Amino acid sequence: MNDEKVLSDFIRDIIEREMEEGKHDGRVQTRFPPEPNGYLHIGHAKSIVLNFGIAEQYDGKCNLRFDDTNPTREEEEFVSSMIEDIHWLGYDWDDRLFFASDYFGQLYEWAVQLIKDGKAYVDDLSPEEIREYRGTLTEPGKESPFRDRSVEENLDLFQGMKEGEFMEEERVLRAKIDMASPNINLRDPVMYRILHETHHRTGDEWCIYPTYDWAHGQSDSIEKITHSLCTLEFKNNRPLYNWFLDQLGIFHPRQIEFARLNITYTVLSKRRLIQLVEEGYVNGWDDPRMPTLSGMRRRGITPESIRHFIEHVGVAKKQSTIQRSKLDHFIRDDLNARTPRANGVLRPLKVVITNYPEDKVEMMEFPNHPGDESFGTRDVPFSKEIYIDRDDFREDPPKRFWRLSPGKEVRLRYAYFMTCQDVVKDEDGKIVELRCTVDPETRGGAAPDGRKVKGTLHWVSVPHALDVEVRVYDRLFNDPFPLDAEEGGDFTDSLNPDSLQVYSHVKVEPSLQGVKAGDRYQFERVGYFCVDPDSTEEKLVFNQTIALYDSWAKIEKRQEQERKRRKS
RNA sequence: UGGGGAGUGGUGCAAUGGUAGCACAGCGGCCUUUGGAGCCGUUGAUCCUGGUUCGAGUCCGGGCUCCCCAGCCA
């Protein structure tokens with residue numbers, strides 16, 4: 001199941017080629033550089049798995065570096081949640097936890113150096129003027145009137161910026177490159193802006209903060225990163241990344257861009273995720289419907305399945321969207337192997353077994369994992385009254401429905417063959433109870449006469465059942481590409497109103513008494529479930545991680561379409 | 001429109017001038033005390049157009065489509 005095949009992609013090809021050439025003496029050093037302004041999601045997981053995975057594969061190291069250059073949007077809360085999430089995914093950075101803010105001093109010195117070299121200048125233009133002077137995609141920009149200030153004046157002004165002598169937006173430090181460059185990033189990019197904010201780590205020590213372009217490459221250089229992996233949209237920034245490093249003459253990492261992860265029926269942009277949380281479409285960052293790592297963890301998805309998924313998706317430069325079913329496959333694949341089984345009835349329908357003694361209770365032996373004996377067995381009580389799922393009974397069964405219906409015999413898993421004798425309804429015609437008989441010769445679920453039944457049902461004894469809550473999740477969006485629906489509307493327009501369904505009186509077998517938040521089970525024939533932290537002593541709460549592959553639902557759907565097609 | 005990227009089955013990833021392959025999805029079957037799992041089989045693709053070559057997904061020319069860049073965001 002865990003195919004240990006050696007991963008290969010265009011980035012690893014580059015690394016291997018460089019190793020053969022002896023570059024960096026074969027040393028490989030990567031980094032994962034999140035900005036602590038939100039929660040990590042599965043899109044970040046691609047970068048995490050890539051960076052840590054490559055380091056591992058080539059006997060290198062991967063640093064964790066928080067890119068905290070903008071105090072207006074970053075918070076400590078996000079730092080700790082990110083650390084937790086990356087650890088949960090299975091990666092560690094030993095003592096190599098860094099912050100871009102650790103380098104503010106060095107960055108300042110280097111900026112002074114560039115000013116002295118005549119390669120950076122203080123600009124007094126307003127933000128609006130800077131934008132106007134920048135030109136457009138098709139027209140070159142024009143140079144700021146402040147571009148040719150003397151080194152002394154620049155030094156003086158820059159120090160003034162640092163010492164808080166100016167207001168925000170009053171001045172910036174810009175690199176002096178080329179206002180006519182076809183690459184807009186090279187039209188004298190801003191290196192420092194004035195921000196009178198308290199930084200989560202440096203406090204009020206600084207009132208100027210480096211921009212991404214100025215901070216990132218230099219931070220990579222300080223950490224002697226050999227391969228700086230980032231997403232495609234930074235491709236246009238690479239010439240600038242290289243320019244700073246070349247002007248400074250310092251260690252020069254190589255930036256390589258790859259396509260970010262997209263998945264159907266969800267959004268993976270921090271901005272929209274924030275919107276979902278803040279506008280209350282979901283219940284927080286760790287809502288099990290969220291594609292955040294904390295949400296997926298709460299839902300019961302394993303880190304292993306996320307890693308396998310990412311590894312199988314591959315790395316390339318083509319902008320792409322992975323089908324959700326692929327993620328689902330790896331979630332089931334891992335859960336199937338590792339979760340013990342249990343019985344849970346989501347929509348209970350009471351069954352009275354008329355030929356079974358009133359007070360008798362038998363313990364039936366169930367394997368905890370039919371495919372893996374090492375999970376052991378457990379005893380499950382059986383009695384005169386049991387619950388089965390309403391979906392497992394049809395008064396008027398359609399073709400190929402193998403489950404219970406009047407007069408039909410099915411197997412109660414690891415218990416008895418059972419035949420439906422009678423259907424009890426209330427005054428509204430709603431089925432409230434089934435009356436059935438059991439064949440005592442079939443105890444354990446096998447017939448001595450060799451007769452077969454097609455259907456096997458799961459069940460829970462009424463007097464022994466635990467009453468729990470189950471939350472079943474569906475896709476958050478009805479549109480496979482929620483962002484495409486934005487034209488003329490908002491991506492929230494395609495939100496699925498039925499993405500959360502709560503079953504408040506689910507009946508589960510008594511062995512589940514005392515389970516802990518995070519514990520996972522397969523409710524046989526239903527799906528995989530994970531105990532939610534909302535659980536209390538009185539009431540357990542389960543999240544459905546994912547349903548089992550349901551071939552009957554598929555058959556029925558097809559039958560329905562067939563019927564519709566014939567009608568029209 | 002200037003610049004930078006990318007186009008291979010439904011989806012994603014391979015094939016590095018030499019039989020277009022793998023995974024997911026789909027379809028069919030086997031097996032089954034989960035209509036689960038597993039196993040076997042199978043449908044289906046090189047954006048278009050010229051050229052180079054014994055041979056082109058790969059190299060060259062032309063075109064088309066999609067994505068990124070005009071934050072003192074990252």
Side-chain angles (χ1 to χ4, degrees), chain A residues 3 5 8-9 13 33-35 37 67 69-70 72-73 123 125-127 130-132 134-141 168-174 181-187 189-195 208-209 211-213 215-216 230-239 257 259 264 270-271 309 312-330 332-333 336-337 341 343 366-367 369-371 400-403 411-415 417 442 444-446 452-458 480 522-527 547-555:
Chain A
D3 48 334
K5 71 164 186 182
S8 170
D9 52 60
D13 289 348
E35 183 191 12
N37 70 336
D67 211 341
T69 57
N70 188 345
T72 60
R73 27 189 259 168
D123 196 350
L125 254 29
S126 70
I130 286 182
R131 188 177 354 103
E132 284 162 25
R134 190 156 28 225
T136 67
L137 293 177
T138 50
E139 298 157 318
E168 292 186 7
E169 303 195 341
E170 204 177 332
R171 289 190 162 84
V172 290
L173 183 75
R174 301 177 73 176
S181 172
N183 182 341
I184 292 174
N185 291 294
L186 262 17
R187 317 238 264 228
V190 171
M191 295 169 63
Y192 276 98
R193 68 291 213 192
I194 297 168
L195 255 22
I208 54 171
Y209 291 91
T211 56
Y212 166 84
D213 285 309
H216 203 89
C230 61
T231 45
L232 250 28
E233 64 269 28
F234 291 102
K235 176 84 199 205
N236 297 322
N237 299 55
R238 193 165 83 205
E257 310 85 15
T264 54
K270 226 179 271 182
R271 203 198 96 205
F309 166 70
H312 279 255
V313 153
V315 184
K317 280 191 279 203
K318 187 171 81 180
Q319 138 81 27
S320 63
T321 302
I322 313 299
Q323 292 176 332
R324 170 71 206 209
S325 57
K326 186 138 190 162
L327 210 209
D328 290 344
H329 166 79
F330 287 99
R332 289 195 183 99
D333 189 48
N336 175 48
R341 315 284 131 131
N343 293 296
F366 274 60
H369 193 309
R400 294 182 69 187
F401 185 83
W402 303 342
R403 282 113 91 146
R411 170 168 37 233
L412 293 173
R413 195 151 157 85
Y414 300 116
F417 280 17
T442 59
K452 305 262 186 210
V453 287
K454 268 232 154 160
T456 298
L457 310 187
H458 59 287
Q522 184 201 97
F523 290 176
E524 290 203 79
R525 302 208 311 130
V526 183
L548 246 28
Y549 194 85
D550 189 349
S551 27
W552 165 243
K554 221 159 78 179
I555 293 167

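Just so it is clear: chains get the letters A, B, ... in the order the sequence lines come, proteins before strands, and each one is counted from 1. Nothing here was measured: the structure is a model prediction, and the numbers come from that model.
Residue Glu257(A) is classed as having no contact, given no heavy-atom separation below 4.0 Å to the nucleic acid. Within 4.0 Å of Lys554(A), counting heavy atoms only, lie sugar-phosphate atoms of the nucleic acid but no base atom. Residue-level contact check: Phe417(A) touches neither bases nor backbone, having no heavy atom under 4.0 Å from any strand. Across all strands shown, Arg403(A) has heavy atoms under 4.0 Å from base atoms, whether or not it also approaches the sugar-phosphate. Base contact: Gly445(A) has a heavy atom under 4.0 Å from a base atom. Counting non-hydrogen atoms under 4.0 angstrom, Pro140(A) reaches nothing in the nucleic acid. Among the atoms of the strands shown, base atoms are found under 4.0 Å from some heavy atom of Thr138(A). Among the atoms of the strands shown, none is found under 4.0 Å from any heavy atom of Arg238(A). Among the heavy atoms of the strands lying under 4.0 Å from Ala316(A) are primed sugar atoms or P, OP1, OP2 only; no base atom is included.
Under the 90° criterion around 0 for the glycosidic angle, G71(B) counts as syn.
Using N1 to N3 plus N6-O4 or O6-N4 for Watson-Crick, or N1-O2 and O6-N3 for G-U wobble, each under 3.5 Å, U65(B) pairs with A6(B). Of the nucleotides present, none pairs with G57(B) by Watson-Crick or G-U wobble criteria with both distances under 3.5 Å. Nucleotide A23(B) forms a pair with U11(B), judged by Watson-Crick or G-U wobble geometry with both contacts under 3.5 Å. Across all strands shown, A74(B) forms no Watson-Crick or G-U wobble pair with both key distances under 3.5 Å. Checking G38(B) for Watson-Crick or G-U wobble geometry (two distances, each under 3.5 Å) identifies C30(B) as its partner.
Nearest-nucleotide mapping onto RNA chain B: of Asp13(A) and Arg332(A), the residue sitting toward the 5' end is Asp13(A). With RNA chain B read from its 5' end, the first of the two nearest nucleotides for Val526(A) and Ser8(A) is the one closest to Ser8(A).
Taking atom P on both nucleotides, U49(B) is separated from A56(B) by 15 Å, rounded to a whole Å. The same atom, C1', is picked in G71(B) and in G51(B); the two are 46 Å apart, to the nearest Å. The gap from the C1' atom of C24(B) to that of U32(B) amounts to 24 Å, rounded to the nearest Å. Going from the P atom of G28(B) to that of G36(B) covers 13 Å, rounded to whole Å. Using C1' as the reference atom, A14(B) and G57(B) are 12 Å apart when rounded to the nearest Å. Across the P atoms, A23(B) and C66(B) are found 33 Å apart, a figure rounded to whole Å. Rounded to the nearest Å, the gap between the C1' atom of G26(B) and that of C59(B) is 37 Å. Of the C1' atoms belonging to C64(B) and C48(B), the separation is 7 Å, rounded to the nearest Å.
Distances were taken from every side-chain heavy atom of Lys235(A) (C-beta onward) to each of G7(B), G4(B), U34(B); the shortest belongs to G4(B). Among the nucleotides A14(B), A23(B), G35(B), the one closest to any side-chain atom of Trp552(A) is G35(B). Taking only side-chain atoms of His329(A), from C-beta outward, the nucleotide of A25(B), G35(B), A14(B) with the closest atom is A25(B). Listed nucleotides: U16(B), G38(B), A14(B). Nearest to the side chain of Asp333(A): G38(B).
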Check nucleotides 46-48 of chain B for protein N or O atoms closer than 3.5 Å to its own N or O atoms and list the pairs.
none

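To the nearest 0.5 angstrom, Arg187(A) atom CZ is 6.5 Å from Ser181(A) atom OG. Rounded to the nearest 0.5 angstrom, Glu524(A) CD and His458(A) NE2 are separated by 9.0 Å.
Contact annotation: Lys452(A) does not reach the phosphate of U32(B) (side-chain N/O to OP1 or OP2, under 4.0 Å). Residue Arg525(A) places at least one side-chain N or O closer than 4.0 Å to OP1 or OP2 of G35(B). Dashed line: the shortest gap from a side-chain N or O of Lys317(A) to OP1 or OP2 of A6(B) is under 4.0 Å. Taking 4.0 angstrom as the limit, Ser320(A) places none of its side-chain polar atoms (N or O) nearer than this to OP1 or OP2 of U11(B).
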Residue pair Asn70(A), Leu195(A): steps toward the side-chain contact (heavy atoms from CB on, under 4.5 Å) verdict: CA-CA 9 Å; Asn70(A) 188 345; Leu195(A) 255 22; 4.2 Å; yes
Test side-chain contact (heavy atoms from CB on, under 4.5 Å) applied to Arg403(A) and Trp552(A), step by step: CA-CA 10 Å; Arg403(A) 282 113 91 146; Trp552(A) 165 243; 3.5 Å; yes
Derivation and outcome, side-chain contact (heavy atoms from CB on, under 4.5 Å), residues Glu132(A) and Leu125(A): CA-CA 10 Å; Glu132(A) 284 162 25; Leu125(A) 254 29; over 6 Å; no
Tyr192(A)/Arg171(A) under side-chain contact (heavy atoms from CB on, under 4.5 Å): CA gap, chis, key distance, verdict: CA-CA 9 Å; Tyr192(A) 276 98; Arg171(A) 289 190 162 84; over 6 Å; no
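Rounded to a whole Å, the NZ atom of Lys318(A) is 13 Å from the P atom of A15(B). If you take CG of Leu327(A) and P of A23(B), they are 19 Å apart, rounded to a whole angstrom. Residue Lys454(A) contributes atom NZ, which lies 9 Å from atom C1' of G35(B) at whole-angstrom precision. The separation between Asp9(A) atom CG and C13(B) atom P is 11 Å, rounded to whole Å. Arg324(A) has its CZ atom 15 Å from the P atom of G26(B), to the nearest Å.
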Side chains of residues 318-330 of chain A: which donor-acceptor pairs under 3.5 Å do they make with residues two or more places apart or in other chains?
residue, atom, partner, partner atom, Å
Arg324(A), NE, Asp328(A), OD1, 2.8
Arg324(A), NH2, Asp328(A), OD1, 3.1

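Put simply, the side chain of Gln323(A) and the base of G10(B) share a donor and an acceptor less than 3.5 Å apart.
Legend: residues meeting salt bridge (charged side-chain N to carboxylate O under 4.0 Å, His left out) with Arg341(A), ordered by chain and number and at least two apart, are absent. A search for salt bridge (charged side-chain N to carboxylate O under 4.0 Å, His left out) contacts involving Arg73(A) returns Glu35(A), not counting sequence neighbours. With sequence neighbours excluded, the residues that form a salt bridge (charged side-chain N to carboxylate O under 4.0 Å, His left out) with Glu233(A) are Arg260(A).
Residue-nucleotide stacking is not present for Tyr549(A) and G36(B), judged by a side-chain ring centre under 5.5 Å from the six-membered base ring centre and planes under 30° apart.
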B/S/- contact track for nucleotides 66-74 of chain B, protein heavy atom under 4.0 Å: --BBBSBSB
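Checking each of Tyr414(A), Phe523(A), Phe366(A) against Asn343(A) for a side chain to side chain contact (heavy atoms under 4.5 Å, CB included) leaves exactly one that passes, namely Phe366(A).
Defined by atom type and a distance below 3.5 Å, a donor-acceptor pair is missing between the side-chain atoms of Asn236(A) and Asn185(A).
Side-chain contact between Thr442(A) and Arg411(A) is absent, with no heavy atoms from C-beta onward closer than 4.5 Å.
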